[in-house]
Amino acid sequence: MKNRTVARMLLEIAQYLEIEGANAFKVNAFRRASQIVEEMGEPVEDRLAELESIPGIGKGTAAVIREIVETGESVVLKELKEKIPDSLLPLLKIPGLGPKSIGRLYRELDISSVKELEQAIKQQKIRSLPGFGAKTEQKIREGIRQLNHKPERFPIALMLPVAEEIEDQLRKCRHIRRFSRAGSLRRFRETAKDLDFIVATDHPEQVADDLVHLPQVRNVINKGATKVSVEMDYQWPVAVDFRLVRDDEFASALHHFTGSKEHNVQMRQRAKRRGYKISEYGVENVETGELTTFETEYEFFRFFDLPLIPPEIREGKGEIERAETPGGLPQFIELSDIRGDLHMHSTWSDGGNTIRDMAEACRHRGYEYMAITDHSRSLRIAGGLSEEQLLAQKAEIDELNKEWDDFKILAGVEMDILSDGRLDFDDGVLKEMDVVIGSVHTAFKQNEDVLTKRVIGAIENNHVDFIAHPTGRLIGRRGPYALNVDAMLRAAKETDTAIELNANPNRLDLHAEHLRKAREEYGVRITVNTDAHSIPELDNMKVGIGTARRGWLTADDVINTMTLDELMRYLKRHD
DNA sequence: GCCGTTTTCGGCCCGACTGTTTTCAGTCG
């Protein structure tokens with residue numbers, strides 16, 4: 001029984017209870033239990049004896065978990081399913097329609113599926129219900145339409161350029177004192193539902209007018225003195241919220257709308273214990289009613305005796321507790337710690353720019369080194385290099401390196417790990433290269449055993465320095481292949497081989513949870529690289545660093561923060 | 001259902017917005 005299955009069943013219990021109209025806190029208890037099981041590092045069946053000692057799990061939920069693990073079923077869930085048809089659950093996804101309304105629609109109009117709901121709307125049955133009206137009916141209709149036509153969340157690769165474009169516009173707006181992105185994009189979550197911006201201004205009405213006239217606005221959802229919601233026209237309609245606040249409210253609003261929800265709940269619980277109330281406007285002393293505001297988030301956290309908790313780790317996953325321990329939070333990696341990019345392509349294989357252009361671009365970014373790592377011979381579709389071409393390329397790199405004394409190009413290769421587990425070049429070639437990357441580009445469908453052996457085989461080769469985009473997933477398009485990540489990390493630790501965090505926003509691979517595991521459980525070295533196929537893609541390092549911070553990484557965990565000398569010693573350690 | 005350096009009972013994060021209402025419930029973030 002997988003943790004995911006147990007979590008899924010607990011969540012279903014929560015959803016049925018919610019529709020039934022059960023106590024909201026009881027619902028929340030099951031939802032929380034579901035999340036705890038989902039995020040548990042080890043199999044839940046190994047922890048059956050100590051379930052009640054986990055915060056958030058008590059007598060009730062522990063009994064249900066044990067029952068599910070031991071019998072595969074839950075009596076509670078079974079009984080709920082008999083009372084409430086499972087075809088009601090999809091209705092929970094309709095925006096604007098919540099569990100209370102769904103419960104009433106079912107009990108009073110006998111509606112038990114999206115189809116029946118659509119029919120009832122057509123027959124104008126909804127508006128006849130007390131408390132519902134014509135507008136609500138239309139809102140539900142619109143909600144169903146959205147559900148069918150729009151992905152729920154957009155990948156960060158799509159949202160980042162949109163956010164950057166909006167920020168360019170905001171910089172040009174008059175009457176704006178300062179602004180910041182907020183929400184899940186500020187936390188560098190890999191997908192986002194919408195975009196949030198906090199805007200400080202003394203003239204909210206004028207700014208609101210300017211915002212609804214931004215070029216890409218296609219639809220104004222909502223326009224008031226504190227909030228402007230619009231839909232912007234990109235590949236899909238993108239929902240964008242602007243919160244207009246006074247300058248002294250800016251820090252509190254920014255914290256509030258950056259979230260995550262779980263982080264905010266924990267901060268508010270902490271405030272409450274101390275006799276304060278946190279809102280988006282400031283911190284209120286419950287006894288005196290006095291409101292404290294802050295110039296910056298740093299001051300906000302300091303008010304609660306905490307260091308600044310970076311947005312990227314505000315997920316309610318132990319960051320507040322860790323900040324309080326004597327050691328405090330780690331010193332998280334920053335973009336300025338990166339001294340070079342160790343994975344990129346040139347016109348020699350499928351890249352768009354020459355080696356010289358890529359080098360100048362890297363030097364311009366303040367790097368001390370970079371590695372050219374074009375594809376190897378088997379990857380024909382990407383113009384993979386033969387042995388001879390690889391050595392010729394190395395000669396070109398040696399020539400180029402004479403031009404700078406403050407910068408060095410390392411000669412590398414992104415070598416295919418073939419489907420039968422062999423490597424694309426033999427050791428004689430590999431030992432000539434400064435950087436050797438092992439990558440899986442074929443036979444993604446292999447089973448876990450075969451695929452994991454392929455990757456570990458590459459790790460065990462003395463010349464392989466790191467494994468690129470280890471799980472192969474493409475966010476929103478293709479899931480990871482069946483790699484046993486724990487087994488890979490163990491092998492990487494034993495051989496002191498690094499693992500890549502591929503900074504391409506379509507990949508972000510390894511993802512944040514695996515990175516945190518790599519650091520905290522295995523102590524594996526990571527390398528953050530862009531895998532750039534053209535100069536602009538070198539800027540993806542920003543997203544990579546955001547993701548590294550989500551994974552709680554420090555500069556010491558990442559090999560391309562080393563000086564050139566340190567790095568060369570590290571790369572040579574096996575040769 | 002969960003939880004307790006104020007509590008084993010009585011709380012459980014907070015506010016805005018919307019649509020339906022004469023004072024509020026539901027939904028959302």
Side-chain angles (χ1 to χ4, degrees), chain A residues 10 13-14 17-36 51-65 76 91-105 126-140 142-143 146 153 182-187 189 192-196 198 221-229 239-245 249 252-253 255-284 286 291 314 316 320:
Chain A
L10 290 167
I13 292 175
L17 285 172
E18 209 173 16
I19 293 173
E20 196 188 44
N23 178 310
F25 298 106
K26 182 175 172 180
V27 173
N28 198 37
F30 276 100
R31 188 158 272 151
R32 197 169 161 209
S34 165
Q35 200 173 359
I36 291 166
L51 283 175
E52 282 92 343
S53 68
I54 303 170
I57 295 187
K59 257 175 69 181
T61 45
V64 173
I65 293 170
V76 181
L91 270 66
L92 285 167
K93 288 199 170 161
I94 299 172
L97 191 64
K100 294 271 163 51
S101 306
I102 293 172
R104 283 198 57 202
L105 289 172
I126 310 287
R127 62 180 71 183
S128 64
L129 231 49
F132 289 72
K135 278 204 173 169
T136 305
E137 199 173 75
Q138 284 317 298
K139 211 175 137 188
I140 296 173
E142 179 58 20
Q146 278 187 30
R153 302 184 68 89
S184 48
L185 191 74
R186 182 164 182 244
R187 304 199 312 278
R189 256 195 80 165
K193 198 158 150 299
D194 54 16
L195 295 176
D196 294 289
I198 312 298
I221 312 290
N222 189 313
K223 178 177 173 242
T226 61
K227 177 179 165 178
V228 173
S229 301
V240 187
D241 279 349
F242 300 94
R243 310 278 166 165
L244 309 177
V245 299
E249 298 165 340
S252 280
H255 178 263
H256 177 88
F257 289 107
T258 296
S260 65
K261 198 174 157 186
E262 292 71 27
H263 170 86
N264 285 356
V265 167
Q266 290 176 16
M267 283 299 292
R268 284 175 183 155
Q269 285 167 342
R270 181 186 183 90
K272 193 164 182 167
R273 283 198 298 273
R274 298 175 169 212
Y276 293 97
K277 215 163 76 176
I278 299 177
S279 81
E280 55 259 58
Y281 302 111
V283 175
E284 186 188 320
V286 175
L291 189 76
R314 295 181 200 163
I320 298 173

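Since we're looking at a predicted model, the values are computed, not measured. Sequence lines set the chain letters: A, B, ... in the order given, protein chains first and strands last, and positions in each chain run from 1. Basis for what follows: all heavy atoms, side chains included, without hydrogens, waters or symmetry-related copies.
Remark: P of B:dT27 and NZ of A:Lys261 are 13 Å apart, rounded to the nearest angstrom. Separating the CG atom of A:Asn23 from the P atom of B:dG10 is a distance of 15 Å, rounded to the nearest angstrom. Atom pair A:Lys223:NZ and B:dT18:C1' shows a separation of 19 Å (rounding to whole Å applied). Atom pair A:Lys227:NZ and B:dG29:P shows a separation of 8 Å (rounding to whole Å applied). Atom pair A:Lys135:NZ and B:dC17:C1' shows a separation of 13 Å (rounding to whole Å applied). A:Ile140 places its CD1 atom 12 Å from the C1' atom of B:dT27, with the value rounded to the nearest Å. Separating the CD1 atom of A:Ile13 from the C1' atom of B:dG1 is a distance of 12 Å, rounded to the nearest angstrom. As rounded to whole Å, 14 Å separates atom C1' of B:dG26 from atom CG of A:Leu92.
Comparing A:Asp196 and A:Lys139 against DNA chain B, the residue whose closest nucleotide sits nearer the 5' end is A:Lys139.
B:dA16 and B:dT22 have their P atoms separated by 23 Å, given to the nearest Å. Of the C1' atoms belonging to B:dT6 and B:dG11, the separation is 13 Å, rounded to the nearest Å. For the P atom pair drawn from B:dT7 and B:dC2, the interatomic distance equals 22 Å after rounding to whole Å. Between B:dC28 and B:dT23, the distance separating the two P atoms is 26 Å to the nearest Å. The same atom, C1', is picked in B:dG1 and in B:dT8; the two are 15 Å apart, to the nearest Å.
Put simply, the side chain of A:Arg243 never gets that close to the backbone of A:Asp196: no donor and acceptor are under 3.5 Å apart. Looking only at distances, no side-chain donor or acceptor of A:Ser252 sits under 3.5 Å from a matching main-chain atom of A:Glu249.
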Residues A:Met267, A:Arg314; criterion side chain to side chain contact (heavy atoms under 4.5 Å, CB included); working and verdict: CA-CA 10 Å; A:Met267 283 299 292; A:Arg314 295 181 200 163; over 6 Å; no
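Nearest nucleotide to the side chain of A:Thr226, out of B:dA16, B:dG19, B:dC12: B:dA16.
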